[in-house]
There are 2 protein chains.
Amino acid sequence: MTGDERRTAQKEAVRRALRQAPGFVSAGELHERLAAGGNAVGLATVYRQLNALAEDGRADTIPGPGGRLFRACEAPGVHHHHLVCEACGRAFELDAPDEAWIRDAATEHRFTVTRHVLEVFGRCADCPTY
Amino acid sequence: MTGDERRTAQKEAVRRALRQAPGFVSAGELHERLAAGGNAVGLATVYRQLNALAEDGRADTIPGPGGRLFRACEAPGVHHHHLVCEACGRAFELDAPDEAWIRDAATEHRFTVTRHVLEVFGRCADCPTY
DNA sequence: ATGCGTGCAAACGATTTGCAGAGAA
DNA sequence: TTCTCTGCAAATCGTTTGCACGCAT
């Protein structure tokens with residue numbers, strides 16, 4: 001077992017691109033952005049990086065139509081949910097004051113909570129009604 | 001005029017299976033349940049049915065890891081959530097105490113909320129830890 | 001008889017993985 | 001040098017679609 005983590009140009013590029021991206025982006029989108037910006041990175045590497053970041057809690061992900069969407073996470077390790085615009089796909093973070101009652105309700109049923117899903121969908125102000 | 005809607009055994013089977021399923025299920029899962037229950041239905045048909053139901057608003061869907069998840073749409077007004085055991089599939093109803101914060105947060109972002117989804121997964125006391 | 005619904009299998013898009021070589025330590 | 005990371009391409013997974021036949025109407 002080695003706790004080795006190497007510093008590479010691709011990692012930097014992916015993380016920077018993710019941070020600079022507006023809102024949530026798909027892996028493919030990020031890949032295109034990188035290529036367009038002169039920092040070509042293999043698509044597989046983009047996926048590997050994003051998965052690693054997501055797993056470490058350094059990136060947020062929301063499942064969207066046609067694939068997962070990623071976004072740089074400013075507060076690592078903090079679980080939160082999202083408010084997603086059904087039209088433009090943009091998403092905002094939500095504070096979730098509901099964690100407590102979930103645990104309570106679970107305990108009441110002698111449950112051990114492993115995970116939960118909360119997604120709020122709507123229409124943002126900038127989007128045409130249709 | 002093509003207002004034609006035919007009544008078939010497969011449609012019935014899919015809808016019944018969806019209604020009997022605990023919480024959200026994937027298309028593949030539903031397909032297996034049907035096969036296991038003696039009502040074998042083609043996977044493509046399952047997808048076609050689920051998509052049709054979702055489009056008509058007769059089923060709810062949430063994007064999940066590894067695919068979309070479907071659930072029979074409950075009658076309007078009886079909106080509630082579930083606590084689902086990942087092992088035995090049993091589900092309990094959860095009262096959603098305060099969903100006002102959702103609307104508040106949405107308003108804060110100038111969002112119009114159209115719908116939201118919450119599912120809690122875990123282990124019930126009767127099921128082995130693994 | 002008419003034509004929608006089904007099943008099968010091929011097609012499809014998103015993501016993962018095997019493997020050999022490049023590059024950081 | 002050692003060993004992780006990368007890139008490519010093939011493999012995989014979930015989902016959709018084309019086509020011919022069956023069955024509800």
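Letters A, B, ... are given to chains in the order of the sequence lines, protein chains preceding strands, and every chain is numbered from 1. For clarity, every value in this text was computed on a predicted model and none was experimentally measured.
- Relative to the side chain of A:Val41, the nucleotides C:dT6, D:dG7, C:dA14 differ in distance, and D:dG7 lies closest.
- B:Leu53 pairs in a side-chain contact (heavy atoms from CB on, under 4.5 Å) with only one of the listed residues (B:Arg15, B:Lys11, B:Arg48), which is B:Arg15.
- As rounded to whole Å, 13 Å separates atom P of D:dG14 from atom CZ of B:Phe70.
- Of all the heavy atoms in B:Ala27 and B:Leu43, the pair that sits closest is O-CD1, 4.4 Å.
- Across the protein-nucleic acid pair, B:Lys11 atom NZ and D:dC23 atom P stand 16 Å apart, rounded to whole Å.
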task = In sequence, state the C-alpha distance, the side-chain angles, and the governing distance for B:Arg71 and B:Asp60, and then conclude on salt bridge (Lys or Arg N to Asp or Glu O under 4.0 Å).
result = CA-CA 5 Å; B:Arg71 180 183 64 180; B:Asp60 282 330; 3.3 Å; yes
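- Atom CG in B:Leu43 sits roughly 13 Å away from atom C1' in D:dT17 (whole-Å rounding).
- Between the side chain of B:Ser26 and the main chain of B:Glu29, a donor-acceptor pair closer than 3.5 Å is present.
- In this structure, A:Tyr47 places its OH atom 20 Å from P of D:dC5, rounding to the nearest Å.
- For the residue pair B:Ala13 and B:Asn39, the shortest heavy atom distance occurs at CB-ND2, 4.1 Å.
- Nearest nucleotide to the side chain of B:Gln49, out of D:dG7, C:dT6, C:dT16: C:dT6.
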task = Can you check each nucleotide of nucleotides 20-25 of chain C against protein heavy atoms at under 4.0 Å and return B for base, S for sugar-phosphate only, - for none, in 5' to 3' order?
result = ---BBS
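- Within the nucleic acid shown, B:Arg48 comes within 4.0 Å of at least one base atom, counting heavy atoms only.
- Rounded to an integer number of Å, the gap from CG of A:Asn39 to C1' of D:dG7 is 16 Å.
- The two residues B:Leu30 and B:Ala21 make their nearest non-hydrogen contact at CD1-CB, 4.5 Å.
- In this structure, CD of A:Glu29 is placed 17 Å from P of C:dG13, rounded to the nearest angstrom.
- When rounded to the nearest whole Å, the span between CG of A:Leu30 and C1' of C:dA14 equals 15 Å.
- B:Glu12 places its CD atom 17 Å from the P atom of D:dC23, with the value rounded to the nearest Å.
- Remark: A:Asn51 is not in phosphate contact with C:dT15, judged by side-chain N or O atoms under 4.0 Å from OP1 or OP2.
- Summarising the geometry of B:Ala72 relative to B:Arg19, their closest heavy-atom pair is CB-CA, 3.9 Å, with the distance given to 0.1 Å.
- One finds no side-chain N or O of A:Arg68 lying less than 4.0 angstrom from the OP1 or OP2 phosphate oxygen of D:dG14.
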